[in-house]
Amino acid sequence: MGRPNDDVAALFQEFADLLSITGEAAYKVRAYEKAARAIGGYPEDVTRLDLKGLRKIPNVGEAIAKKILDYQETGTIRQLEALRERIPAGVRALTEIPTLGPKKAMVLYEELGISSVEQLAEAIPAGRLNGLKGFGAKTEENILHGIELLRHAGERALIDVATELAEEIVAELSPLAGRCAYAGSLRRCRETVGDIDILATAEDSGPLMAAFIALPFVTEVIGSGETKTSVRTVKGLQVDLRVVPPEAWGAALQYFTGSKAHNVRTREIAVRAGLKLSEYGLFSVETGELIVSATEEDVYARLGLPWIPPQLREDEGEIEAALRGELPRLVELADLCGDLHTHTDLTDGVASLEDMVAAAAARGNAYYAITDHAPNLSMQRMTDEKMLAQREAVRALQGRYPDMALLHGTELNIDPDGEVDWPAEFLAGFDICVASVHSHFTQDREAMTRRIVRAVENPHVHILGHPTARSIGRRASVDADWDAVFAACARSRTILEIDAFPDRLDLPADLIRHARRHGVKFAIDSDAHAPGHFDNLRYAVGTAQRGWLTPDDVVNTWPLERLRAYLNAG
DNA sequence: GCCGTTTTCGGCCCGACTGTTTTCAGTCG
């Protein structure tokens, strides 16, 4: 997204990677990784802070603060440039090959001068690794396999694909397990996942492991032991099954949910209290005695913390908030009482107005907005007459739904100058207007910022639809000064959408957190084009939770009267 | 390199699996 803090964080992550390749002590590498994460999640722009301000960032001390000052002056970090000269970028790329880490990468570079994945792929069949210490036949085979995986699979799975697969596996294994659930980044509601972690309890892991390997979509067993089995599935997605004794459920679930950074923090807290935390429980260091392990709540409580929702476990301030007793009461799916962005077959939806409204009512919505596309998206062939006719149909339908208020709206197109489809007089006839970027995605930052700010300042625009217009894995976010956009939304009381389509999830979680600091409100919308799309709302809720949103932040958890008052005030 | 209810030095999260150097290092999560 090109935020300055992300750029600086990426430089320090690269610095850490290069240090680890040079064999620098692990704690030093970790110090840079921690600093990179802290900088990425820091609310203030680190390129505008002085030394004193920089030192306030957690895990940023004298040395790293000075490197940031160097970046402010020169646009780079001299020590990083020096490392880049020593270690070609291709050597760092070698560590992206599964099973090949920094140590092996450095041996390959120093002994054989290999500095790219391509060179390594050619060197192995040519026998150039023969006799190289630490590289036996099996290791060569694993590296070649890893290169294949890197080239072909590579991509992360979208959350809906991964969730459906994980739920299917849990359903298959549950009859054989005491307890069974998915953990890992999927439980934390990351928007994409690199693998799936399944956790189960059993006294004897044998039958579970056997059933797991026998699942029809398993194509390859990567590794298998008594407590852990890893497989690859038809879609290239890796799935790990961990089996622990029943009494260790809570500690194991906490451990396998991660993130790694969050776990490091909780273990450090344990160490300071004379305790040792592992997936088997919280133990006394002195006596080795088990203290707690049955539930996550027990583990956190014994560390002096409230239970922390998985969506927050990224070491991005949740530990500190928990210690202060300031964890947010996160918005939940059950809090939603309406949907403010949906389509019908009048434009590109695939279900009729009647069917969409019936499905919405069946979900128990208190209000529901129909927002078909406006005419400037010309392929939708919208006209004033069609839109007014739909409004009549909506009003007529209202009588059948005494418990659900029907709102007639539209999804406007923000043109390159920030104008929308209709003049103010026509827009005033809608109950609600969403406005979205659907074209000209590549405008430069200045033009895009001006464009979006102008649109959100339009008094008839209530919601900025899928604000970044990204398509995960296919199209990058548009480039805009998001702080300027969020400030404009806060001023004009324009609501930011969190679009539930699994390849959008837009606004993304990190930008949600930034926007919230500006005092902006949000709408969790399905953008449904068919009744089945309402099921995607769970993923938008997960994204909102990762953005630390409470029900008060989300306008479609509010009663209709409060929502109407907010829309009209804007 | 960072940090401090063991506070300016001496620590820094924990365990499983794999392959190889056969008693342990590297990688991964």
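Protein chains get the first letters and strands the later ones, always in sequence-line order, with residue 1 at the start of each.
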Among side-chain atoms of [X] and [Y], is any donor-acceptor pair under 3.5 angstrom?
X: A/His145; Y: A/Glu220; result: yes
X: A/Asp553; Y: A/Thr550; result: yes
X: A/Thr99; Y: A/Asn142; result: no
X: A/Tyr32; Y: A/Lys67; result: yes
X: A/Thr468; Y: A/Asp506; result: yes
X: A/His262; Y: A/Glu314; result: no

- Stretch residues 22-44 of chain A: residues that reach within less than 4.0 Å of DNA chain B through a heavy atom: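 Residues of residues 22-44 of chain A under 4.0 Å from DNA chain B: A/Tyr27, A/Lys28, A/Arg30, A/Ala31, A/Tyr32.
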
- Item | Residues touching DNA chain B, which here means a heavy atom under 4.0 Å, drawn from residues 115-131 of chain A |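 The answer is none.
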
- Is the phosphate of B/dG15, meaning OP1 or OP2, less than 4.0 Å from a side-chain N or O of A/Thr227?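 False: A/Thr227 side-chain N/O out of range (4.0 Å or more) of B/dG15 OP1/OP2.
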
- Taking all non-hydrogen atoms of both residues, which atom of A/Ala35 and which atom of A/Asn59 are closest, and how far apart? CB-O, 3.5 Å

- Query: Using purine N1 to pyrimidine N3 plus N6-O4 or O6-N4 for Watson-Crick, or N1-O2 and O6-N3 for G-U wobble, each under 3.5 Å, what pairs with B/dG26?
  - Reply: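 B/dG26 is paired with B/dC17.
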
- Under 4.0 angstrom, heavy atoms only, what part of the nucleic acid is A/Ser224 near: base, sugar-phosphate, or nothing?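 Result for A/Ser224 = sugar-phosphate.
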
- Should the ring pair A/His533 and A/Phe501 be called parallel, tilted or perpendicular, given that the plane angle runs from 0 to 90° and is split at 30 and 60? perpendicular

Sticking with atom [atom1], work out how far [N] lies from [M], rounded to a whole angstrom.
N: B/dT20; M: B/dT27; atom1: P; value: 13 Å
N: B/dA16; M: B/dT23; atom1: P; value: 22 Å
N: B/dG4; M: B/dT8; atom1: C1'; value: 9 Å
N: B/dG26; M: B/dT21; atom1: C1'; value: 12 Å
N: B/dT6; M: B/dC12; atom1: P; value: 15 Å
N: B/dC13; M: B/dG19; atom1: P; value: 28 Å

- Item | Summary of protein contacts for nucleotides 19-29 of chain B, nucleotide by nucleotide, where a base hit scores B, a sugar-phosphate-only hit scores S (4.0 Å, heavy atoms) | SSB----SSSB

- Message: Can you confirm whether A/Leu129 sits close enough to A/Glu111 that some side-chain heavy atom of one is under 4.5 Å from a side-chain heavy atom of the other?
- Response: no

- Task: For the residue pair A/Ile97 and A/Leu120, establish whether any side-chain heavy-atom pair is separated by less than 4.5 Å.
- Result: yes

All N/O contacts under 3.5 Å from nucleotides 3-6 of chain B to the protein, with atom names and distances to one decimal?
residue : atom : partner : partner atom : Å
B/dC3   : OP1  : A/Asn59 : N            : 2.6

Would you mind writing out the side-chain donor-acceptor pairs for residues 165-186 of chain A within the sub-3.5 Å range, not counting sequence neighbours?
residue  : atom : partner  : partner atom : Å
A/Glu167 : OE2  : A/Arg538 : NH2          : 2.8
A/Ser174 : OG   : A/Val170 : O            : 2.6

- Query: Got a sec, which residues hit side chain to side chain donor-acceptor pair (under 3.5 Å) with A/Asp17, two or more places apart in sequence or on another chain?
  - Reply: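 A/Asp17 satisfies side chain to side chain donor-acceptor pair (under 3.5 Å) with A/Gln13, A/Arg92 only.
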
